[in-house]
Visitor: 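Before I ask anything, here is the structure I am working with.
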Amino acid sequence: MNTLKLQTLEDAILGFLENYEQIVDSGEFAAQHGFSHDEIMSVIQSLIGSEFVVAQPISRIERWQLTAEGKTYASNGSPEFQLYSAIPSEGISCAELKTKLGDLVFKIGWQQAIKNKWLEMGKAQVSRKVDHVEDNVKAMLLKIDDGEALDQQDLDALKRRKLISPIKWNGYLFNKGPKYARERKKPATDLTRENLSGGTWKSLEFKEYNYSAKGAPVEGGHLHPLLKVKQQFQMIFRQMGFEEMPTNNYVESSFWNFDALFQPQQHPARDSHDTFFLREPCKTRTLPEDYVERVRHIHESGGYGSRGYGYDWKREEANKNLLRTHTTAVSSRMLYALAKKHFEAKKYYSINRVFRNEAVDRTHLAEFHQVEGLICDRGLGLGDLKGVLGDFFSRLGMSKLRFKPAYNPYTEPSMEIFGYHEGLKKWVEVGNSGMFRPEMLLPMGLPDDVSVIAWGLSLERPTMILYGINNIRDLFGHKVDLQLIKSNGICRIGL
Ligand code: FB9
């Protein structure tokens, strides 16, 4: 309803009340003034809010309407009349009558026809007790449908059989309220330059300050849940003395992503069905040639006690550029850099995006964020790996771990890691781990008593568990609901 119409109705009500002290019925007022009652109701509600009017809600039955059952009888006749009409002059068995009418009409019609004394029972037959009957129920229902009035006795009879239902009219009995005035000035909500300079502020009525009103939402930046969990993981790694590796290159050479890790060039993971290779620039520009030759040798002929793979290693395969399939490519670069200078023990970690050309499903996309930790020191063993995993995952809230032997091309031994999640009350696969193979470490030039323990997991899985997200598309990608990004809670998983 537009403002002018509202103003007109408000003026009519306030003007009427000015010299009228009795109680006003909103229905009568609307009819007398030619207004729609619904419009009057919304204006009265507004005047109640500003205490210009006091009002008592009232409810009346405006008229009756047919229920679905009532409509059926108004159309087909009442069940009792249908039953009476289905009885031939010579009578009929109940079974035949039920078959003719159907169970429901027979059941309701029989009860009502007996009550009306329209039937008499023979040995096996039912026959008419009277020669003629009127279908008063149908006649009454048609009257109701035409908006005609019925006497109370007839209405009660139809109500009892649930053939009619009331249409209620809701209105107000109202009168002047404590703050009544002939005209409602819209309370000012701001002290403006105009009313200050013109002095009109002195006569203005200001709206009372609503201290419980919420402030306008301040639109600002919001952290994605993945970034909140990433920060928690970074804090855990820092607490454990780890340094972050530089992971800003999504594009990597096959050499650092696979060959340096002693992953053979025939390995299925190096196929384009599993890896995104770049068309342009398709090959890497520079590699450390002396190191490349040592890698070639370890793949082709072995060395350091290893038999190698015995295949013709191809440089052009190692030169192919790809989107890194794991952040272990960064780990290989960092370990090679460590070997190049005077060796010192190090603890490194990385958390960033990796890409795999795999089938996507509810929990897997063609990319995810890998979390990887490694410790490089002299004389490390599997016990050290289990110990550091216990420390790391206990900081994630999972102190019970189990390990299962596994295989990775670049670690031996390797273990899948399982943690008992107290919230889910079940064991959850939480990552993979192992000791980098000598065939990876020794060609880098690391001292032969240096070993490296490492493990990896994803960022998406813990984030989905922590935020109760079932489908990864609700967490990452173009279908993410921005409201989730704005409203997700804080993340606290570190100690
Ligand atoms: O993250 C995984 N699960 C997980 C991790 C944390 C977690 O936290 C709880 C709430 C507190 C819950 C679950 N997984 C690894 C296990 C599974 O989700 C698995 O189905 C999916 N895996 C990914 C690989 O899928 C293509 C998760 C990802 C993964 C697996 C292995 C590595 C990294 C990521 C690795 C490694 C590695 C091994 C040796 C040396 C260096 C790196």
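Note that the structure is a prediction, hence the values are computed from the model and not measured. In each ligand, atom 1 is the first atom listed, and ligand 1 is the first ligand listed.
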Visitor: When you measure from atom 3 (N) of ligand 1 to every protein heavy atom, which one gives the shortest distance, and what is it?
Guide: Glu429 O, 2.9 Å

Visitor: Considering Met415, Met435, Met398, which one's heavy-atom position lies nearest to atom 11 (C) of ligand 1?
Guide: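 Comparing heavy atoms across Met415, Met435, Met398, the nearest one to atom 11 (C) of ligand 1 lies in Met398.
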
Visitor: Among Asn257, Thr284, Val251, find the one that has a side chain to side chain contact (heavy atoms under 4.5 Å, CB included) with Leu322.
Guide: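 So, applying the side chain to side chain contact (heavy atoms under 4.5 Å, CB included) to Leu322 and each of Asn257, Thr284, Val251, only Asn257 qualifies.
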
Visitor: Would you confirm whether any non-hydrogen atom of the protein falls under 4.0 Å from atom 22 (N) of ligand 1?
Guide: no

Visitor: How close does the nearest protein non-hydrogen atom get to atom 28 (C) of ligand 1, and which residue and atom is it?
Guide: Ser458 CB, 3.7 Å

Visitor: Gly397: heavy atom below 4.0 Å from ligand 1, yes or no?
Guide: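 Gly397 does not count as a contact of ligand 1 under the 4.0 Å cut-off.
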
Visitor: Among all the protein's non-hydrogen atoms, which is closest to atom 24 (C) of ligand 1, and how far away is it?
Guide: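 Sorting protein heavy atoms by distance from atom 24 (C) of ligand 1 puts Phe368 CZ, 3.9 Å first.
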
Visitor: Minimum heavy-atom separation for Tyr291 to Ala260, with atom names?
Guide: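 Between these two residues, the closest heavy atoms are OH-CB, 3.6 Å.
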
Visitor: What protein heavy atom sits nearest atom 8 (O) of ligand 1, and how far off is it?
Guide: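 Here the nearest protein heavy atom works out to Pro462 CB, 3.4 Å.
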
Visitor: How far does CD of Gln65 sit from NZ of Lys71, to the nearest 0.5 angstrom?
Guide: 7.0 Å

Visitor: Within a distance under 4.0 Å of any heavy atom of Ile465, pick out the atoms of ligand 1 and give their elements.
Guide: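 Result: 10 (C), 12 (C).
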
Visitor: Holding to side chain to side chain contact (heavy atoms under 4.5 Å, CB included), I want the full list of residues that pass it with Ser458, two or more places apart in sequence or in another chain.
Guide: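 Ser458 satisfies side chain to side chain contact (heavy atoms under 4.5 Å, CB included) with Phe368, Glu460, Arg461, Pro462 once adjacent residues are dropped.
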
Visitor: Under a 4.0 angstrom heavy-atom cut-off, which atoms of ligand 1 come close to Ser433?
Guide: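 Listed by number with element, the hits are 38 (C), 39 (C).
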
Visitor: So which heavy atom in the protein is nearest atom 18 (O) of ligand 1, and how far is it from that ligand atom?
Guide: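 Its nearest protein heavy-atom neighbour is Arg461 CG, 3.0 Å.
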
Visitor: Please collect all ring-ring contact (aromatic ring centres under 6.0 Å, His included) contacts where either partner lies in residues 422-447, sequence neighbours excluded, each pair once.
Guide: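 Non-adjacent pairs meeting ring-ring contact (aromatic ring centres under 6.0 Å, His included): Tyr420-Trp427.
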
Visitor: Going by atom types only, do Thr200 and Asn195 share a side-chain donor-acceptor pair under 3.5 Å?
Guide: no

Visitor: Looking at Glu372, which atoms of ligand 1 are within less than 4.0 Å of one of its heavy atoms?
Guide: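 Selected atoms, number and element: 41 (C), 42 (C).
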
Visitor: I'd like to check which ligand 1 atoms, numbered from 1 as shown, lie under 4.0 Å from a non-hydrogen atom of Ala454.
Guide: 40 (C), 41 (C)

Visitor: Any ion pair linking Arg324 and Glu252 (charged N to carboxylate O, less than 4.0 Å)?
Guide: no

Visitor: How far apart are the C-alpha atoms of Tyr180 and Leu47, what are their side-chain angles, what is the distance that settles it, and do they pass the side chain to side chain contact (heavy atoms under 4.5 Å, CB included) test?
Guide: CA-CA 9 Å; Tyr180 171 83; Leu47 291 170; over 6 Å; no

Visitor: Which atoms from ligand 1 have a heavy atom of Arg356 less than 4.0 Å away?
Guide: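 Every atom of ligand 1 under 4.0 Å from some heavy atom of Arg356: 26 (C).
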
Visitor: Mind checking whether Phe476 and His224 have parallel, tilted or perpendicular rings, split at 30° and 60°?
Guide: perpendicular

Visitor: Do any non-hydrogen protein atoms sit less than 4.0 Å from atom 30 (C) of ligand 1?
Guide: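 So atom 30 (C) of ligand 1 lacks protein heavy-atom neighbours under 4.0 Å.
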
Visitor: Please identify which atoms of ligand 1 are closer than 4.0 Å to at least one heavy atom of Asn408.
Guide: 38 (C), 39 (C)

Visitor: Output yes when Glu219 and Lys486 qualify as a salt bridge under the 4.0 Å nitrogen-oxygen rule, no when they do not.
Guide: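 Yes, Glu219 and Lys486 are salt-bridged.
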
Visitor: Which heavy atom of the protein is the closest neighbour of atom 5 (C) of ligand 1, given with residue, atom name and distance?
Guide: Val430 O, 3.5 Å

Visitor: In this structure, which one of Lys283, Lys320, Gln265 forms a side chain to side chain contact (heavy atoms under 4.5 Å, CB included) with Ser254?
Guide: Lys320

Visitor: What protein heavy atom lies closest to atom 35 (C) of ligand 1? Include the residue and the distance to one decimal.
Guide: Gly456 CA, 3.5 Å

Visitor: Is ligand 1 less than 4.0 angstrom away from at least one heavy atom of His326?
Guide: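 False for this residue.
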
